[in-house]
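When a residue number appears, it is its place in the shown sequence, counting from 1.
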Amino acid sequence: MDKLIIEGGKRLEGTVEVSGAKNSALPILAAAFLSKEKSVIKNVPQVADIFTMVKIMKSMGAKVNHAADTVEIDSSNVKNPILTYKLVSTMRGSICFLGPLLARFGQAQVSFPGGCVIGPRPIDLHIKGVKALGADVILEHGYVLAKAKQLKGRRLFLGGAFGSSVLATANVMMAATLAKGKTVIDNAACEPEVVDLGNFLKKMGAKIEGLGSPSIEVEGVKKLHGATYSVIPDRIEAGTYVIASAMTKGDVTLKNLNLNVLGAMLDKLRDAGVHIIEKNGHVRVRRERVLKPVSVTTLPYPGFPTDLQAQMMALMCIVPGISVITEKIYPERFMHVSELNRMGANIILEGNSAIVGGKKMLSGAQVMASDLRASAALVLAGLVAEGSTEVSRVYHLDRGYENLVQKLQSLGARITREKDFR
Ligand code: EPU
């Protein structure tokens, strides 16, 4: 296992390219299975979750050619629509094969993804969705077994205790493309990644309206064809660099970013006093003054994203004053709290809220994170901490941040990756 060593205190300066969005690319790759024809997906980030996805596609018999940021998928020979536990257990995103496999093959067998360090991750909405389209679903021996000779479109409400669901919306939308008749998904997720998936499906010949709104309409078609498509930039990766610039009193320009997709995050950072402007398709983030604490509540898009909650908390740790960070998507997603406190932060947890007493300085320490975004928060804290910070279990970061070390180094950070022999 590798670890990152960060010497804190360097101001970040320069330009960084935003990679393609992991959470768009995952369902888009699965969607390619809706057609027998070849699809070519570009701007795919080179991260571990994508490598796992490629393995899954190959395990089902697809021919996949993955070179740099392009993935070519030919699923014409797929005869085995089964996702085993071994494959699914390493990446929950693989549940997004349920809809495409069911729609194309009339059946799907997908291992139940189970719990997760960021809290319970149920799939009841995925199951409700495909059942509403007429699938028979049984849960047996840890697998979801779904069958339907012909899916049938209908109106359904896809909301749970925590609101809309990104991947359940993706699954139902994908399944509905080949269903008979019209499907209306009420309380659909509005995240840009769902819009991106929808745009790819439209390029494949799907008839979809209402993308980006809570009511998505899909008119089923007989078949879809292959398509070439480029994935949108990763707003969560971008947001992480925006926060890095703000924390280090930096001046960082992000290439390939539409400011609008940052939603509430942009508003909150501007409220805190971070200077953010867009010019010619690039976004420049500067911090010239003392920041103010801001309170944040995570919500479905366009609310503040849960995937940036940990990074925002790292920022608030060094902004003098009190801020409250409330998690309304994954109420238990606070693994970073104890590790940030180990670095001298002052955070108290009260239910699904973290009360952060901002300080002038953090101090470098040996820390360990147990999920992707928590790890990113610890790296950000390390960039400003006094002395050296070691972040272990780097494989979490490898799942979702392309070339993190190289990108931070190019901005002037003192960060290296080493083998961890402990
Ligand atoms: N939920 C249910 N039932 C379901 C599905 C979800 O109750 O059947 C609940 C969840 O427990 C959660 C809420 O609904 O409380 C929203 O979860 P959602 O289904 O939207 O999450 P997801 O689709 O499984 C994607 C991202 C996550 C991101 C969430 C929320 C991918 C591959 N994953 O997960 O990304 O946190 O949306 O925006 O797209 C990450 O990248 O680090 C990550 C965890």
Side-chain angles (χ1 to χ4, degrees), residues 18-47 49-50 53-54 56-57 60 62-76 78 91 93-105 126 129 151 164-179 183 185 188-213 216-237 256 258 261 301:
V18 181
S19 299
K22 164 183 85 82
N23 289 348
S24 272
L26 291 172
I28 285 175
L29 291 173
F33 269 54
L34 283 163
S35 170
K36 280 185 181 167
E37 294 175 23
K38 188 163 121 182
S39 281
V40 181
I41 315 299
K42 298 182 175 176
N43 201 33
V44 177
Q46 296 181 66
V47 295
D49 274 5
I50 297 295
M53 197 70 175
V54 168
I56 291 175
M57 293 191 291
M60 286 188 278
K63 281 190 213 142
V64 186
N65 187 7
H66 185 193
D69 69 350
T70 301
V71 184
E72 291 178 10
I73 305 123
D74 172 354
S75 65
S76 55
V78 171
M91 191 186 60
S94 47
I95 187 69
C96 58
F97 273 108
L98 179 65
L101 293 181
L102 182 61
R104 164 134 169 237
F105 299 99
H126 300 249
L151 293 169
S164 55
S165 161
V166 173
L167 288 179
T169 302
N171 253 330
V172 178
M173 183 165 71
M174 289 188 281
T177 58
L178 294 177
T183 299
I185 308 170
C190 303
E191 270 68 5
E193 293 76 17
V194 174
V195 177
D196 205 28
L197 168 67
N199 285 333
F200 171 59
L201 292 169
K202 279 162 90 170
K203 249 194 134 181
M204 294 177 83
K207 290 192 180 148
I208 305 175
E209 279 175 30
L211 289 170
S213 83
I216 296 179
E217 290 188 18
V218 185
E219 187 69 53
V221 293
K222 284 228 161 74
K223 77 181 212 189
L224 296 175
H225 51 77
T228 296
Y229 189 79
S230 188
V231 171
I232 55 166
D234 193 317
R235 67 193 167 100
I236 305 300
E237 186 203 25
N256 299 334
N258 173 354
V261 296
Y301 190 83

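- Taken to the nearest 0.5 Å, the CD atom of E219 stands 12.0 Å off from the OG1 atom of T177.
- The two residues A189 and I216 make their nearest non-hydrogen contact at O-CD1, 4.4 Å.
- Residues G205 and V221 come closest through the heavy atom pair O-CG1, 3.9 Å.
- Between P233 and A21, the shortest heavy-atom contact is O-CB, 3.7 Å.
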Review point. Taking it one step at a time, do M53 and F97 satisfy side-chain contact (heavy atoms from CB on, under 4.5 Å)?
Key: CA-CA 10 Å; M53 197 70 175; F97 273 108; 3.3 Å; yes
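- With values rounded to the nearest 0.5 angstrom, E37 atom CD is found 9.5 Å from L224 atom CG.
- Taking the side chain as every heavy atom from C-beta outward, Y229 and M204 never approach each other to under 4.5 Å.
- Across every non-hydrogen atom of C96 and P100, the tightest pair is O-CD, 3.1 Å.
- Of all heavy-atom pairs between A188 and S213, the closest is CB-O, 4.1 Å.
- Proximity of P27 to V194: side-chain heavy atoms (C-beta onward) are nowhere separated by under 4.5 Å.
- In this view, E191 satisfies the side-chain hydrogen bond (donor to acceptor under 3.5 Å, both in side chains) rule with no residue, not counting sequence neighbours.
- Electrostatic pairing of D49 and K22 counts as a salt bridge here, judged by a charged N lying under 4.0 Å from a carboxylate O.
- Here the CE-CG distance, from M174 to L102, works out to 11.0 Å after rounding to the nearest 0.5 Å.
- Side-chain atoms of L201 and K203, non-hydrogen and from C-beta on, never get closer than 4.5 Å to each other.
- Contacts of S75 classified as side-chain hydrogen bond (donor to acceptor under 3.5 Å, both in side chains), with partners at least two apart in sequence or in another chain: R104.
- More than 12 heavy atoms of other shown residues, nucleotides or ligands fall within 6.0 angstrom of atom CD in Q46.
- Residues L29 and V71 are in side-chain contact: their nearest non-hydrogen atoms beyond the backbone lie under 4.5 Å apart.
- Of all heavy-atom pairs spanning L197 and A31, the tightest one is CD1-CB, 3.8 Å.
- Proximity of a side-chain donor or acceptor of E193 to a complementary backbone N or O of S24 within less than 3.5 Å is not detected.
- Counting only distance, with no hydrogens or angles, the side chain of N171 and the backbone of I95 share a donor-acceptor pair below 3.5 Å.
- Y301 contributes no side-chain N or O that, together with a main-chain N or O of G212, makes up a donor-acceptor pair within less than 3.5 Å.
- Looking at heavy atoms from C-beta onward, I50 lies in side-chain contact with H66 at the 4.5 angstrom threshold.
- In this structure, the side chains of M60 and F105 stay at 4.5 Å or more apart for every pair of heavy atoms.
- Separation of atoms CG (N43) and OG (S19) is listed at 7.5 Å; rounding is to 0.5 Å.
- The CD1 atom of I56 sits 9.5 Å away from the CZ atom of F33 when rounded to the nearest 0.5 Å.
- Between the side chain of T70 and the backbone N or O of K42 there is no donor-acceptor pair closer than 3.5 Å.
- Looking at heavy atoms from C-beta onward, I208 lies out of side-chain contact with N199 at the 4.5 angstrom threshold.
- The CG atom of N23 sits 7.0 Å away from atom CG of L167, with the distance rounded to the nearest 0.5 Å.
- Here the side chains of P192 and R235 are in contact, with some heavy-atom distance below 4.5 Å.
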